[in-house]
Amino acid sequence: MNMIKQINITLIGAPGSGKGTYGSLLAKRLHANFVSVGDLLRDHVQRNTSIGKEAREAQRRGELVNDSVVIQAIRDYLESRTIDPPDPFIIDGFPRTLDQATWISPISTTRKEQDNNHCCPEAMRVSYAVSLQVPDTICQKKALGRRICSLCNKTNINVCDIHEDGYRMPPMLPQNCPFPSCNEQNWKQRNDDTPEIVLRRMQHFRSTMDPLLSYYENQRRLIKFYPLNGVDDLPVLEKLVRETIEFGQTSL
């Protein structure tokens with residue numbers, strides 16, 4: 001099945017809620033591009049660009065990267081797409097603040113606002129937000145369970161096994177890895193997945209979440225998803241998204 005319309009979607013959730021996992025899997029089902037803002041910024045860090053230098057410093061402090069820096073990274077990436085019209089995308093990690101939301105999901109815009117970068121070009125706009133409803137205690141455990149394989153560079157590994165509060169999320173381990181020795185001995189944590197930094201990011205997310213979710217909910221553009229069975233509930237998410245896009249808005 002193809003994406004019903006040329007509509008872009010964002011995933012909003014606390015650190016460890018599974019935005020990257022659900023976003024990448026949902027994008028495949030909807031034949032959309034998946035954009036991870038975290039991956040974009042890490043690429044800039046590796047290339048030591050001006051964006052990467054600012055991102056590295058924010059990462060060291062356990063803080064979010066400045067809005068203007070993130071917006072520039074996203075704009076550069078989206079404008080680099082050569083397909084016309086561009087394929088729809090699902091984005092993880094943006095927006096994280098109300099200012100970012102009004103830029104990428106403006107309620108109404110004028111040509112002057114676009115020219116002054118007060119809102120993004122029409123092809124880049126996000127129409128719907130999916131809110132991942134996962135308790136903070138589970139998100140913290142999942143964030144600390146994330147691993148990256150030093151052999152195959154897989155980033156969607158999670159060793160945490162959740163069975164609490166009605167949520168059942170088994171570990172996510174590599175499948176069909178070309179390296180026979182791809183095991184926990186070669187898996188490493190991200191540098192910013194320490195208990196202190198995860199807690200700081202969680203607190204920051206909670207302090208900015210309410211106005212962000214209200215912005216989309218007031219426009220009937222918010223889809224709430226409870227992944228009680230982890231990735232096994234992906235068909236539920238796909239159905240929610242397809243029905244919402246088909247009927248044009250969510251119910252209040």
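Positions are given from 1 along the sequence.
Minimum heavy-atom separation, Ala55 to Val65: CA-CG2, 3.9 Å. The heavy-atom pair separating Tyr167 from Pro227 by the smallest distance is CD2-O, 3.6 Å. Between Arg75 and Trp103, the closest heavy-atom pair is NH1-CZ2, 3.9 Å. Contact detail for Asp161 and Pro170: the closest heavy-atom pair is OD1-CA, 3.6 Å. The shortest heavy-atom contact between Leu98 and Pro211 is CD1-O, 3.8 Å.
Without hydrogens or angle criteria, Ser207 side chain to His204 main chain gives a donor-acceptor distance under 3.5 Å. Judged by distance alone, the side chain of Thr10 and the main-chain N or O of Phe94 form a donor-acceptor pair under 3.5 Å. Side chain of Asn158 to backbone of Cys160: a donor-acceptor contact under 3.5 angstrom is found. With hydrogens and angles disregarded, no donor-acceptor distance shorter than 3.5 Å links the side chain of Asn229 to the backbone of Arg168. A donor-acceptor distance shorter than 3.5 angstrom exists from the side chain of Arg125 to the backbone of Cys120, with no hydrogens or angles considered. Not one N or O on the side chain of Asp87 forms a donor-acceptor pair closer than 3.5 Å with the backbone of Asn33. Looking only at distances, a side-chain donor or acceptor of Ser150 sits under 3.5 Å from a matching main-chain atom of Asn186. When atom types are taken as modelled, the side chain of Glu57 and the backbone of Lys53 share no donor-acceptor pair closer than 3.5 angstrom. Remark: the backbone N or O of Leu144 is paired with a side-chain donor or acceptor of Gln189 at under 3.5 angstrom. Side-chain N or O atoms of Ser105 include one that pairs as donor or acceptor with a backbone N or O of Val126 at under 3.5 Å.
To the nearest 0.5 Å, atom OG1 of residue Thr21 and atom CE of residue Met172 are 4.5 Å apart. In this structure, Ile223 CD1 and Thr244 OG1 are separated by 4.0 Å, a value rounded to the nearest 0.5 Å. Here the CG atom belonging to Asp99 is positioned 13.5 Å from the CD1 atom belonging to Ile104, to the nearest 0.5 angstrom. The distance from atom CD of Gln72 to atom CG of Leu40, rounded to the nearest 0.5 Å, is 12.0 Å. The line from CD1 of Ile71 to CD of Gln100 is 6.0 Å long, rounded to the nearest 0.5 Å. With values rounded to the nearest 0.5 angstrom, Phe225 atom CZ is found 15.0 Å from Ile12 atom CD1.
Taken together through direct or relayed side-chain contacts under 4.5 Å among Ile, Leu, Val, Met, Phe, Trp and Tyr, Val70 and Met124 form part of one hydrophobic cluster. Under the 4.5 Å side-chain contact rule for hydrophobic residues, Val241 and Val231 share a cluster. Under the 4.5 Å side-chain heavy-atom criterion for grouping Ile, Leu, Val, Met, Phe, Trp and Tyr, Leu213 is connected to Tyr215 within one hydrophobic cluster. Criterion: ILVMFWY side-chain heavy atoms under 4.5 Å apart, direct or through other members. Under it, Val69 and Val37 are part of a common hydrophobic cluster. Under a hydrophobic clustering in which Ile, Leu, Val, Met, Phe, Trp and Tyr are joined whenever their side-chain heavy atoms come within less than 4.5 Å, directly or via other members, Leu11 and Leu25 fall into the same cluster.
Within the hydrophobic cluster formed by Ile, Leu, Val, Met, Phe, Trp and Tyr side chains joined at under 4.5 Å, directly or through other members, Val45 stands alone, with no partner residue.
With Pro15 as the partner, the side-chain contact (heavy atoms from CB on, under 4.5 Å) test is satisfied by one option alone out of Gln140, Lys142, Arg200, Met202: Met202. The residue from Leu132, Asp92, Val130 that alone fulfils the side-chain contact (heavy atoms from CB on, under 4.5 Å) condition with Tyr22 is Leu132.
Contact annotation: the side chain of Tyr128 approaches that of Ile7 to within less than 4.5 Å [non-hydrogen atoms, C-beta and beyond]. You'll find the side chain of His44 stays beyond 4.5 Å of the side chain of Arg56, heavy atoms only. Side-chain contact check for Asp165 versus Thr137: some heavy-atom pair is nearer than 4.5 Å. Looking only at side-chain heavy atoms (C-beta outward), Ile148 and Ile157 stay at 4.5 Å or farther from each other. You'll find the side chain of Leu212 reaches within 4.5 Å of the side chain of Pro95, heavy atoms only. Considering only heavy atoms from C-beta on, Val35 stays 4.5 Å or farther from Ile74 through its side chain.
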Exercise for review: Could you check Arg201 against Asp193 for salt bridge (Lys or Arg N to Asp or Glu O under 4.0 Å), going step by step and ending with a plain yes or no?
Suggested key: CA-CA 10 Å; Arg201 290 205 309 262; Asp193 276 347; 3.2 Å; yes

Practice item. Dump the intermediate steps for side chain to side chain contact (heavy atoms under 4.5 Å, CB included) on Arg206 and Met209, then the final yes or no. Key: CA-CA 5 Å; Arg206 290 302 169 196; Met209 178 189 64; 2.9 Å; yes

**Study point:** Residues Leu30, Ile90; criterion side chain to side chain contact (heavy atoms under 4.5 Å, CB included); working and verdict
**Key:** CA-CA 9 Å; Leu30 299 180; Ile90 295 175; 4.2 Å; yes

Exercise for review: Could you walk me through whether Thr208 and Arg96 pass side chain to side chain contact (heavy atoms under 4.5 Å, CB included), step by step?
Suggested key: CA-CA 7 Å; Thr208 59; Arg96 290 188 177 183; 5.6 Å; no

Exercise for review: Could you walk me through whether Glu184 and Val159 pass the side chain to side chain contact (heavy atoms under 4.5 Å, CB included) test, one step at a time?
Suggested key: CA-CA 9 Å; Glu184 59 186 20; Val159 299; 5.8 Å; no

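The 12-atom threshold is not exceeded at CG of Asn191, counting heavy atoms of other residues, nucleotides or ligands nearer than 6.0 Å.
The residues Glu217 and Lys224 are annotated as salt-bridged, a charged nitrogen and a carboxylate oxygen being separated by less than 4.0 angstrom.
Looking at Asn66 and Ser68, their side chains do bring a donor and an acceptor atom within 3.5 Å of each other.
With sequence neighbours excluded, the residues that form a side chain to side chain donor-acceptor pair (under 3.5 Å) with Arg190 are Asp192.
Applying the salt bridge (Lys or Arg N to Asp or Glu O under 4.0 Å) test to every pair with at least one member in residues 12-23, sequence neighbours left out, gives no pairs at all.
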